[in-house]
Amino acid sequence: MEADGNSEEPSLLVLVLFKTDLGHPYKVPESSISIPASLTRFGLSTVVNNLITSVNPYWESEPFDFLIKNELVRMWLEKFLLAKNISAERILEIKYIRAVVPGDVSKK
């Protein structure tokens with residue numbers, strides 16, 4: 001991919017299954033979907049928010065963090081998979097959790 005994000009080649013697609021330990025209304029349908037491997041945390045959050053909206057039209061989007069094999073994903077998905085030597089040839093389970101937003105301190 002070129003530095004400006006334009007490329008003649010299509011982005012690699014990865015088959016993923018999003019999972020969470022969060023209860024309702026955070027659950028998404030339990031079926032695998034194909035997503036571009038070029039997604040970052042923001043893109044993954046967009047996908048999860050869209051999946052939640054598909055079953056709950058009143059959902060208000062929020063940011064999520066993502067874990068693969070108990071490690072936070074902090075780079076492009078494809079770069080993470082390469083760095084951790086994780087195969088993209090099978091269904092990849094991605095766990096999502098509520099993001100910790102800087103400055104978001106609970107009042108006691």
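Just so it is clear, the values below take in all heavy atoms, side chains as well, and ignore hydrogens, waters and symmetry mates. Not measured: the values here are computed from a predicted model.
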Run the salt bridge (Lys or Arg N to Asp or Glu O under 4.0 Å) check on K69 and E93 step by step: do they pass?
CA-CA 8 Å; K69 295 190 176 189; E93 189 172 299; over 6 Å; no
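Remark: L39 CG to F80 CZ distance equals 14.5 Å, nearest 0.5 Å. The CD1 atom of I86 lies 13.0 Å from the CD atom of E78; values are rounded to the nearest 0.5 Å. Atom-to-atom distance recorded for I68:CD1 and L81:CG is 5.5 Å, nearest 0.5 angstrom. Between the CG atom in N50 and the OG atom in S61 there is a gap of 7.0 Å [rounded to 0.5 Å].
Side chain of N56 to backbone of I52: no donor-acceptor contact under 3.5 angstrom is found. Judged by distance alone, with hydrogens and angles left aside, the side-chain atoms of N49 form a donor-acceptor pair with the main-chain N or O of E62 at under 3.5 Å.
In plain terms, the two heavy atoms of S54 and P29 that are nearest each other are OG-CG, 4.3 Å.
Residues M75 and V47 share a hydrophobic cluster, clusters being chains of Ile/Leu/Val/Met/Phe/Trp/Tyr side chains in contact below 4.5 Å. Residue V48 is not grouped with residue L67 when hydrophobic side chains (ILVMFWY) are merged at heavy-atom distances under 4.5 angstrom, including chains of intermediate members. W76 and Y96 end up in different hydrophobic clusters when Ile, Leu, Val, Met, Phe, Trp and Tyr side chains are linked at under 4.5 Å. Residues L92 and L17 are members of separate hydrophobic clusters, defined by side-chain heavy-atom contacts under 4.5 angstrom among Ile, Leu, Val, Met, Phe, Trp and Tyr. With hydrophobic clusters built from ILVMFWY side chains whose heavy atoms lie under 4.5 angstrom apart, L77 does not share a cluster with L72.
Counting non-hydrogen atoms of neighbouring residues, nucleotides and ligands closer than 6.0 angstrom, the CZ atom of R98 reaches no more than 12 such neighbours.
In this structure, the side chains of N70 and K95 stay at 4.5 Å or more apart for every pair of heavy atoms. Considering only heavy atoms from C-beta on, I33 comes within 4.5 Å of L51 through its side chain. Contact check for T20 versus K27: side-chain heavy atoms found under the 4.5 Å cut-off. With contacts defined as side-chain heavy-atom distances shorter than 4.5 Å, the pair L44/V16 does not qualify. Within the 4.5 Å cutoff, the side chain of R74 has heavy atoms near those of the D65 side chain.
Classified by interplanar angle (parallel below 30°, tilted 30° to 60°, perpendicular above 60°), the ring pair Y26/F64 is perpendicular.
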